[in-house]
Amino acid sequence: MEKIYAPHELERRIYERWESHGWFAPSGQGAPYCIVIPPPNVTGTLHMGHAFQHTLMDALTRYHRMRGDDTLWQPGTDHAGIATQMVVERQLNAHGQKRTDLTREEFVARVWKWKEQSGGTIASQMRRLGDSVDWSRDRFTMDPQLSRAVVDAFVRLHEDGLIYRGKRLVNWDPVLLTALSDLEVQSEEEEGHLWHLSYPLEEGSGHVIVATTRPETMLGDTAVAVNPDDERYQHLIGKKVRLPLTGRLIPIIADAYVDPAFGSGCVKITPAHDFNDYEIGLRHGLEQINIFTPRAALNDNVPERFRGLDRFEARKRIVAELTEAGLVARVDKHKLTVPRGERGGAVLEPYLTDQWYVRIAPLAASAIAAVEQGRTRFVPENWEKTYFEWMRNIKDWCVSRQLWWGHRIPAWYDEQGNVYVGRDETEVRAKHGLAVSVTLRQDEDVLDTWFSSALWPFSTQGWPDKTPALEKFYPTSVLVTGFDIIFFWVARMMMMGLKFMGDVPFRDIYITGLILDENGDKMSKTKGNVIDPLDIVDGIELEALVAKRTSGMMQPQFAARAEKATRKQFPEGIAPHGTDALRFTFAALASPSRELRFDLSRVAGYRNFCNKLWNAARFVTMSVGEAEPASGSAPVELSVADRWIRSRFGRMVAAVEAAFRDYRFDYAATALYEFTWYEFCDWYLELTKPVLHAQNASEAAKRGTRLTLVETLEALQRALHPLMPFITEEIWQRAAPVAGRAGPTVMLQRYPLAADYPTDEQAEREVAWIQAFILAVRQIRGEMNIAPSKRIPVLLKGAAAQDKDYTARHHAYLQRLANIETLTVLEPGAAAPESATALIGELAVLVPMAGLIDAAAEAERLEKLLGKAKQELAKARGKLANENFVRNAPPDVVKTEREREADFERQVTSITAQLDCLRGLLRP
RNA sequence: AGUCGCGUAGCUCAGUGGUAGAGCACCUCCUUGACAUGGAGGUGGUCGGUGGUUCGAUCCCACUCGCGACUACCA
């Protein structure tokens, strides 16, 4: 084996082998275990958040596969309606073309082409990350079968009265020219103004003042509203004002919605351009005057001189004219929240249009109940509150989009405008008895992308057909996703799953944290702080990274900032770390916290861990050789260390089992890391050396150690495999034959079971003693600056029978690991030379000073120890002096406290005696 | 405005009603035949503040200060 672990070459080779053998497919045996991937945008690339979630999903998948479950990780991608259409439109624009220069068919063909071109990026990234998805089942939301599912779902919902078409106010994007759902609106606080406008009363005797942030909408006002209890305006209710600039007469109405304390207490009502005003308009039967074109320019419903003006231009003109007319009473600075489109960023306009809606309340009710009843469980549990909060206040879902890329709505219109919903035109004609002579025209609109996503857990398994896959893998086991799409996706899958499958789509919903950069900022292209996960895997030069981060940036100032930040953050680019190190980092990071800062130094640490594991494997293979240590009938004898490491391995596996059960990947990572490094490498490998190198050790003992070495190494690869699939495969291939384990790949081996490694209390006790001894000597060495290579004599004082026993039996370990020259057990009362001291309970470990140790330094060290011991002793005594403590605390707590007290008393006595002795020396 | 979350070592974060932990960073020593991407030892925290419950609170409760996210918004 190479001295340094080099991941690059072997990762690709190994993945290809796994994939070509079809090992990612479900085995067909065992209990079904299924995860559906949150489908990324087909034309996108995977970012750190994806890589993080994929790591966790793959770890779960590999773990369950190795546990013998019939495991499927279902891959696929999403057509991402608006996002994808926008990308292709931008490409057209770059060539001086517009979407509308093409026919719909031409444009859609163009998008498909782009999808074919760029659609492979994600798959190749996933391969590099080691994702063990069943590629043979790859799905795309616009596959024929999944499209059929979309149509079927739409028709069924319509048949059940859960989909309707209606004219109402929607969030309209005047740039993209489409409706959006409430969730796609991003409200941001911006600086604006509050204009106080004066509307004259009809009879000419005075005026009312209304306050507005959008003066241009006054052209569509159809009332002024006051609070019914507002005494200032009682006398005006029912009267009329003359709307400036238009001359229209509009009524003053009373509505409890109006807050008398805000502004003037008078509100202009524009039912066609404000959600609240719309509701008020409905209550009072007000006219709805639409004053905008779809592009949000003023239309023919306004005085001629304003027609055709863009809304922002119109605002200036109207304010100017009103000011001139003396009708602007006041202008205040005002913070307001401006609704913008999630994708395009355009200011949205509440706009009256015909759209399709899902009547959501009945669907939400069963989805709420399912979580209340525990049929689906959120992990961490707290997220169910967020889910409930939204579900209980949910509003109907606008599902139609005025786009070309997506699932066309399965509705047809005749020339009279009657609408028919059906799976296709033939079905529609048959269902409604429409003659061939009736011309039908299909709805031009497509469905919200999230409509097809909502069906994902069952549409991917063949629904609406009753397929074996659907039967087996629905409900899925767990959904792994971020909290940012609980509403968009999770809640909707719950509703649709319950509606169409009659059961929840997943047993557990594991909500991951959000990956932030090392400063706690969201990673975004505009901030220039995104990291391509593969750049961490393969490494990247600084210049290439800068180029990558600044390319395609519209605004040069952003590019400059991104470049500066990048050069500061990665002055030498990013070193290669390998996939396993990145994956292990993600696992270790996956605490229940909702925000996770990604720090490259963590990855470096885990790359070192890979290297450590690699070198441990080198040591084992070099020590054990090619042959199976336990072959034939040769006797095998296990040392205390051999028994100890098996026992410790069992404890570690138990911790990992619990961690996977609880989705505590951080605990799993920690347990594996600590076992591997601190127990297997730091202690066990060292403890094998005295045995393997000893001339007087029996062949049976050597066989036992070799066997344990290679068996533990082999089992450790299986234990680590879900988190670090590549390096473990590579090592396993070498270790397994020697460990007597057959099989083509570690990924199909059984995961170790804690039950197979019962705790060996005695071995653990003995090794703990050995460790304490060695640590005691090392501590003296370290603090007294005695070179590790210097062999030193050690004396034991106050040794009990057991200490003597252990000392005798484990002499070889002590001698080698503490690098001892001689080990002498002092008889009671025997005089000890001046020494440095360390305590193991009542046993004192002495290192004679004889030229090695500076007495003053040792005195200082002991003073410090004494201080600590006294402090702890005082604490313990204080507690025990408290009658209430002794009376009320559980007996075992009191007992422990008494033991501590005794222990510290002994320490204080012993250290004090040593100090006295030293002081004698220092005071000649 | 409502909902939720966070505040623990220099940094990033675990954690528990009874002895406060890890990684990184830092200091000292060491190239010993798996590994310097390493080994050995060490420094470092009044667990945001105040009060309450308790024999005992970093942990539970209340209030408070400082952050943050989400949802809905007053024109």
Side-chain angles (χ1 to χ4, degrees), chain A residues 1 3-5 182-183 187 194-195 210-214 217 225 257-259 261-270 274-277 334 336-337 380 382-383 385-386 388-390 393 483-484 486-487 514 518 520 575 577 581 585 588-589 591-602 604-623 664 666-667 670 673-674 681-682 685-686 689 693 774-775 777-790 816 819 872 875-876 879 882-890 892-894 896-897 900 904:
Chain A
M1 288 174 79
K3 189 169 169 186
I4 300 282
Y5 166 62
D182 295 339
L183 286 177
S187 291
L194 191 61
W195 285 271
V210 297
T212 181
T213 54
R214 300 203 53 196
T217 63
Y257 161 77
V258 180
D259 175 5
F262 187 88
S264 61
C266 278
V267 188
K268 62 188 273 303
I269 303 298
T270 323
D274 181 281
F275 287 101
N276 289 309
D277 294 5
H334 185 69
L336 69 160
T337 46
N382 224 78
W383 288 109
K385 289 186 183 163
T386 305
F388 285 141
E389 188 69 17
W390 187 68
N393 298 297
F483 57 80
D484 48 332
I486 290 180
F487 306 145
L514 202 64
E518 80 282 0
H577 295 86
T585 308
L589 220 53
S591 73
S593 174
R594 65 168 64 178
E595 291 178 347
L596 310 166
R597 292 193 194 199
F598 187 86
D599 190 343
L600 210 54
S601 68
R602 281 298 279 275
Y606 293 122
R607 181 207 49 205
N608 296 354
F609 177 61
C610 290
N611 192 54
K612 187 78 180 172
L613 179 65
W614 182 260
N615 279 291
R618 285 179 64 216
F619 173 77
V620 173
T621 50
M622 280 156 62
S623 304
R664 286 304 302 264
D666 55 335
Y667 285 1
T670 304
Y673 183 95
E674 290 182 345
C681 293
D682 285 352
L685 296 190
E686 296 306 322
K689 288 174 185 175
H693 297 165
I774 293 164
L775 288 173
V777 177
R778 281 181 185 168
Q779 193 172 32
I780 292 171
R781 252 186 209 285
E783 300 208 11
M784 293 301 113
N785 277 340
I786 302 171
S789 52
K790 173 79 188 166
R816 165 136 187 155
N819 199 20
E872 291 302 319
K875 267 208 279 197
K879 272 191 181 181
N882 181 348
E883 281 178 34
N884 285 325
F885 171 73
V886 180
R887 197 177 331 120
N888 294 321
D892 58 314
V893 172
V894 178
T896 308
E897 208 56 43
R900 296 191 68 220
F904 289 120

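Reminder, nothing fancy here: chain letters follow the sequence lines and each chain counts from 1.
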Query raised in the report: Does A:K612 count as lying over the ring of A:Y673, i.e. NZ or CZ under 6.0 Å from the six-ring centre, within 45 degrees of the axis?
Result: no
Query raised in the report: If the P atom of B:C65 is compared with that of B:C11, how far apart are they to the nearest Å?
Result: 24 Å
Query raised in the report: Expressed in whole Å, how much space separates the P atoms belonging to B:G38 and B:C61?
Result: 42 Å
Query raised in the report: Checking all strands, does A:Y5 fall into the base, sugar-phosphate, or nothing category for heavy-atom contacts under 4.0 angstrom?
Result: nothing
Report task. Using the P atom as the reference point in each nucleotide, state the distance between B:U16 and B:U71 in Å, no decimals. Result -> 30 Å
Query - By side chain to side chain donor-acceptor pair (under 3.5 Å) - contacts of A:T217 (at least two apart) - result: A:K268
Query raised in the report: Under 4.0 angstrom, heavy atoms only, what part of the nucleic acid is A:I4 near: base, sugar-phosphate, or nothing?
Result: base
Query raised in the report: Just checking A:E883: base, sugar-phosphate only, or nothing, at a heavy-atom cut-off of under 4.0 Å?
Result: nothing
Query raised in the report: Taking atom types as they are modelled, is there a donor-acceptor pair under 3.5 Å from the base of B:C35 to the side chain of A:K612?
Result: yes
Query raised in the report: So what does A:V210 touch, heavy atoms closer than 4.0 Å: a base, only the sugar-phosphate, or nothing?
Result: nothing
Query raised in the report: What nucleic acid atoms does A:R778 come within less than 4.0 Å of, heavy atoms only: base, sugar-phosphate, or nothing?
Result: sugar-phosphate
Query raised in the report: OG1/A:T386 to CH2/A:W383 distance, rounded to the nearest 0.5 angstrom?
Result: 5.0 Å
Requested in this report: Name the residue closer to the 5' end of RNA chain B, choosing between A:R602 and A:N608 according to the nucleotide with the nearest heavy atom.
Outcome: A:R602
Query raised in the report: Which part of the nucleic acid, if any, lies within reach of A:D277 when heavy atoms closer than 4.0 Å are counted: base, sugar-phosphate only, or nothing?
Result: nothing
Query raised in the report: Which value, in whole Å, describes the distance between the C1' atoms of nucleotides B:A1 and B:U54?
Result: 37 Å
Report task. Can you tell me the distance, in whole Å, between the CG atom of A:L596 and the P atom of B:A69? Result -> 15 Å
Query raised in the report: Contact class for A:H693 vs. all strands (heavy atom < 4.0 Å): base, sugar-phosphate, or nothing?
Result: base
**Report entry** Toward the 5' end of RNA chain B, by each residue's nearest nucleotide, A:N382 or A:D182
**Finding:** A:N382
Query raised in the report: Looking across every strand, which nucleic acid part, if any, lies under 4.0 Å from A:C681 by heavy atom: base, sugar-phosphate, or nothing?
Result: base
Query raised in the report: Counting only distance, no hydrogens or angles, is the base of B:A34 paired donor-acceptor with the side chain of A:E686 under 3.5 Å?
Result: yes
Query raised in the report: Taking both distances under 3.5 Å as the test for a Watson-Crick or G-U pair, what stems of at least three pairs does RNA chain B have?
Result: B:1-7 with B:65-71, B:10-13 with B:21-24, B:26-30 with B:38-42, B:48-52 with B:60-64
Query raised in the report: On a whole-Å scale, what distance lies between the C1' atoms belonging to B:C70 and B:U43?
Result: 42 Å
Query - Exercise: identify the closest heavy-atom pair between A:R602 and A:A588 - result: NH2-CB, 3.8 Å
Requested in this report: Could you work out the separation of B:G44 and B:G23 based on their C1' atoms and round it to a whole Å?
Outcome: 15 Å
Requested in this report: Between B:G2 and B:G21, how far apart are the P atoms? Round to whole Å, please.
Outcome: 41 Å
Requested in this report: Check every strand shown and say whether A:K689 touches a base, only sugar-phosphate, or nothing at a heavy-atom separation below 4.0 Å.
Outcome: base
Requested in this report: Look at the side chain of A:R597 against the base of B:U12 and say whether a donor-acceptor pair falls under 3.5 Å; ignore hydrogens and angles.
Outcome: no
Report summary line: Whole-Å distance, A:F483 CZ to B:C4 C1', equals 11 Å
Query raised in the report: With a 4.0 Å cut-off on heavy atoms, is A:D259 in touch with a base, just the backbone sugar-phosphate, or nothing at all?
Result: base
Query raised in the report: Which part of the nucleic acid, if any, lies within contact of A:T212, taking any heavy atom under 4.0 Å across all strands shown: a base, the sugar-phosphate backbone alone, or nothing?
Result: sugar-phosphate
Query raised in the report: Is A:S593 touching bases, backbone alone, or none of the nucleic acid, heavy atoms closer than 4.0 Å?
Result: sugar-phosphate
Query raised in the report: Atom OH of A:Y606 and atom P of B:U37: how far apart are they, to the nearest Å?
Result: 19 Å
Query raised in the report: Within the modelled atom types, does a donor on one side and an acceptor on the other bring the side chain of A:S789 and the base of B:C30 under 3.5 Å apart?
Result: no
Query raised in the report: Base, sugar-phosphate alone, or nothing: which one does A:F609 contact when heavy atoms must sit under 4.0 Å apart?
Result: nothing
**Report entry** B:G42 to B:U50 separation - P atoms, rounded to the nearest Å
**Finding:** 33 Å
Query raised in the report: Looking for any heavy atom pair under 4.0 Å, which part of the strands does A:T386 touch: base, sugar-phosphate only, or nothing?
Result: nothing
